[in-house]
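Data block below; observations after.
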Amino acid sequence: MRSPSMRSNSIRKFLYISPFMVLLAVFAYYPLYGWVYAFFDYMPPIPLSQAPFVGLKWFRSLVENQVKVDQLLQVIKNTFGISGLSILFSWLPMIFAIFLTEIKAVRFRKIIQTVTTLPNFISWVLVYSLAFSMFSSEGVVNGFLRQIGLIDSPILFLQNSEHVWITMWIWITWKSLGWSAILYIAAIMGIDESLYEAAHVDGATRMQVIRHVVLPSMIPTYFVLLMLQIASFLNNGLEQYFVFQNAFNKDTIQVLDLYVYNLAMGGGSYSVSVAISMLKSIISVALLFSVNGLSKLLRGEGIV
Amino acid sequence: MSDHQTKLAPIAKENNSRLSKKIKMQVSTTDKMISAVVYVLFSLFAFMCVYPFYSIIINTISANDLSAKGEIAFWPRGIHFQNYVDVFKIPGLWNAFVISMGRTVIGTLLTVGASAFLGFMFAQEDMWGKKFWYRFTIITMFFNAGIIPWYLTMRSLHLTNNFLAYVLPSIVAPFFIILVKTFVESTPKELQQAASIDGAGIITIFYKIILPISKPILATVAIFSAVNQWNSFQDTLLLVTDSKLYSLQFILYNYINQASSLSTMVNLQNAGSTAMSSLSTKQTTTSIRMTVTIIVVAPILLIYPIFQRFFVKGIIIGAVKG
């Protein structure tokens, strides 16, 4: 039973949040309207309203135009390479957390945790600037190697077109390992003390405790994070790859997000770029639904 | 956490047979070896995390001719602070600093305010369409249209070369709303009920009761939001061509790629004012680039020790919910 005053009260509450819902509609939902550019032959500065409608032309070109196909295949390979490496090593933060919490010297542990979390809070531009200072031909590393007489000419770390996937993965790990471990550290802190005591009574060694007590209690956290990581397989983000790209590594560094950016902002091919963007978003949402379904199947509850 | 480790010793000692002693000996030597490896690996990684920052700091205060050759590795040589004076002679740097500070302060205030209010409102039981609007908000965490569709629509809204583009899109932040909502729901309901009986309206309750008790979670939100704003680069890259609106991150990126012309310019300016400028204080591409880097990273390094204790709390609350 709702009295009219209660009803007007509940509507008033909605009115209070409505300006924020408008903001959300504009900045999160309205960009979806940008997808219509994929169906027109949009060439700035001619406005969209005067651009000819071309239907699925751009989508077809992605599978029919041989140059596009080759480019796209390389880009997809890069995306899979870098995301694949991240997923392959997705257990690293967990191991990091386990061994960090095993450290008995509290002071040392705190310092390690503080210091290794720091890189997470700097931007990719700053990471690149640090990388440049360390690894460019006049950088500290080359300077040091020259000083101790190991090399005569500088090693071109940053202009290297090989091992780009691995170096990109290393930078991701450098930046995020300490931070990602925090969730697992929280999980370890939540382990019931009596489990440890039982293990010790049974005469378990330290490694056995890790294997039979600590690890199993972290698997749920790991599973959820892994599923989320798989769901965002195609979303490498733009910034890291944008700042690290140069004329030498362009072929192997272009992930989907960077490719889409380069196509539009570099090449002016907005419509094709939007078409790829659109496919990418749809596949990502489908992936999210799939892993959510998988999670429901395996452990009875979804991840989102 | 260290408690259960210290408990291990007395329990293990209860086993007194010779055999078990022998096993224990072996175990403890492998344990020790593992410990040693663990300590070394952690120290190494920690060094890799800190050294780049340290290295750049000592380079910016060392003689510029040495830093340009990459010869400053472990301690500063030829200490001087001229770089930090000179770097502000680059046109646009001071302006970019003001823009970055401005968007950080304004953006953070707006985001914290909105997150607090929305988190509180979504914790209310009786709001028209509450479930729908909450989902409408949270779902946006899991999809986006893509950067180019986003750019094209922002442009059609005249948000290119517009300061509002820095602060408006981040006002409604679903993750922060979840954090606040979870926090508000964990506080005793009686507080709000009592105030409501006393005739306080929803806004009064928010302002007088919720805001003060939510301080810890709002501090977490403020810190995350401020770091995001300060670090933001992509929006400038896509939406801004007017150099008056360049953020520090953006001009740092430009400087990395074109520091040589800037160093020449600063040197020319200096040659006009002071009769002689020695090699050690003459600006090089390296000195300019590194000094700007330190200016961009300094706010993060300065507030990091303070906010460090907040974010652990924040991420744990988020994890429980998310």
Side-chain angles (χ1 to χ4, degrees), chain A residues 10-11 13-14 16-17 20-21 23-24 27-28 30-35 37 99 101 104 106 112 114-116 118-119 121-123 125-126 129-130 132-134 138-140 142-144 182-183 186 189 193 196 200-201 205-206 238-239 243 260-261 264 270 273-274 277 280-281 285 288 304, chain B residues 1-2 4-5 8 11 27 31 38 42 45-46 48-50 52 55-56 68-71 73 114 118 121 124 126-129 133 137 140 142-150 152-153 168-169 171-172 202 227 231 233-234 249 252-253 256 286 290 293 296-297 300 304 308 312 315-316 319:
Chain A
S10 92
I11 286 179
K13 279 181 181 168
F14 164 69
Y16 284 139
I17 69 157
F20 298 102
M21 295 301 106
L23 274 178
L24 201 61
F27 292 111
Y30 177 60
L32 290 173
Y33 168 74
W35 283 2
Y37 285 84
F99 284 105
T101 50
K104 287 175 192 126
V106 180
I112 297 286
T114 305
V115 160
T116 55
L118 174 62
F121 292 95
I122 65 170
S123 65
V125 177
L126 276 167
S129 182
L130 298 188
F132 198 93
S133 301
M134 293 296 113
E138 268 91 45
V140 174
N142 271 316
F144 181 70
I182 288 183
L183 267 184
M189 285 171 163
E193 198 75 5
Y196 286 105
H200 295 317
V201 169
T205 64
R206 221 164 126 192
L238 169 67
E239 282 186 33
V243 293
V260 162
Y261 173 86
Y270 289 93
S273 164
V274 172
S277 242
K280 193 185 104 120
S281 294
V285 170
L288 184 70
V304 292
Chain B
M1 200 175 320
S2 53
H4 58 74
Q5 281 151 354
L8 181 130
I11 297 167
V27 166
D31 264 16
V38 165
F42 274 122
F45 186 60
M48 278 159 45
C49 289
V50 167
S55 161
I56 296 183
K69 282 182 269 176
E71 284 180 9
L118 290 173
M121 290 305 280
Q124 299 291 306
D126 56 331
M127 184 212 295
W128 180 75
W133 295 113
T137 309
T140 59
F142 299 104
F143 76 86
N144 65 73
I147 42 170
I148 300 304
W150 184 78
L152 291 168
T153 45
L168 289 185
I171 289 181
V172 183
I202 194 89
V227 170
N231 281 343
F233 168 72
Q234 198 168 300
Q249 304 285 342
L252 171 62
Y253 175 75
I256 299 172
T286 311
M290 287 184 167
T293 302
V296 180
V297 82
I300 302 273
Y304 182 70
Q308 220 241 109
V312 178
I315 197 172
I316 291 168

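Naming: A, B, ... by sequence-line order, numbering from 1 per chain.
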Partner residues of B:Phe233 under the side chain to side chain contact (heavy atoms under 4.5 Å, CB included) criterion, sequence neighbours left out =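 Partners of B:Phe233 under the side chain to side chain contact (heavy atoms under 4.5 Å, CB included) test: A:Val125, A:Glu239, A:Phe242, A:Val243, B:Leu237, B:Gln249, B:Phe250, B:Tyr253.
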key: Which residues share a side chain to side chain contact (heavy atoms under 4.5 Å, CB included) with A:Thr114, sequence neighbours left out   =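 With neighbours one apart ignored, the set is B:Tyr304, B:Gln308.
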Pick whichever of [options] has the most heavy-atom pairs under 4.5 Å with chain B.
{"options": "A:Leu32, A:Leu24, A:Val274", "value": "A:Leu24"}
{"options": "A:Ser133, A:Gly143, A:Gly34, A:Ala28", "value": "A:Ser133"}
{"options": "A:Tyr30, A:Tyr270, A:Tyr33", "value": "A:Tyr30"}

Say you draw a straight line from [atom1] of [X] to [atom2] of [Y]; how long is it, rounded to the nearest 0.5 Å?
{"X": "A:Ser123", "Y": "B:Asn231", "atom1": "OG", "atom2": "CG", "result": "4.5 Å"}
{"X": "A:Phe20", "Y": "B:Thr137", "atom1": "CZ", "atom2": "OG1", "result": "11.0 Å"}
{"X": "B:Thr153", "Y": "A:Phe27", "atom1": "OG1", "atom2": "CZ", "result": "9.5 Å"}
{"X": "B:Gln124", "Y": "A:Phe14", "atom1": "CD", "atom2": "CZ", "result": "15.0 Å"}
{"X": "B:Leu152", "Y": "A:Ser273", "atom1": "CG", "atom2": "OG", "result": "8.0 Å"}
{"X": "B:Ile300", "Y": "A:Phe121", "atom1": "CD1", "atom2": "CZ", "result": "8.5 Å"}

Using every non-hydrogen atom in the two residues, find where [X] and [Y] come nearest and quote the distance to one decimal.
{"X": "B:Ile148", "Y": "A:Tyr261", "result": "CD1-CA, 4.2 Å"}
{"X": "B:Cys49", "Y": "A:Val115", "result": "CB-O, 3.7 Å"}
{"X": "B:Thr293", "Y": "A:Ser129", "result": "OG1-OG, 2.6 Å"}

Which bit of [X] is near chain B, if near means a heavy-atom gap under 4.5 Å: side chain, backbone, both or neither?
{"X": "A:Val285", "result": "side chain"}
{"X": "A:Tyr37", "result": "side chain"}
{"X": "A:Leu118", "result": "both"}
{"X": "A:Leu23", "result": "side chain"}
{"X": "A:Met21", "result": "both"}

task = Counting only heavy atoms closer than 4.5 Å, note whether B:Val227 contacts chain A via side chain, backbone, both or neither.
result =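 When you check distances to chain A, only side chain atoms of B:Val227 fall under 4.5 Å.
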Chain A contact via B:Leu168 - side chain, backbone, both or neither, heavy atoms under 4.5 Å =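 For B:Leu168, heavy atoms of backbone and side chain both lie under 4.5 Å from chain A.
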ask   = Do the side chain of A:Trp35 and the main chain of B:Ala145 share a donor and acceptor less than 3.5 angstrom apart?
value =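 Here the side-chain-to-backbone pair exists.
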inquiry  = Using a 4.5 angstrom heavy-atom cutoff, name the option from B:Phe142, B:Trp133, B:Phe143 with the most pairs to chain A.
reply    =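 The option with the most such pairs is B:Trp133.
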task = Name the option with the most non-hydrogen atom pairs under 4.5 Å to chain A; the candidates are B:Gly146, B:Pro52, B:Ala46.
result =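 Among the listed options, the one with the most contacts to chain A is B:Pro52.
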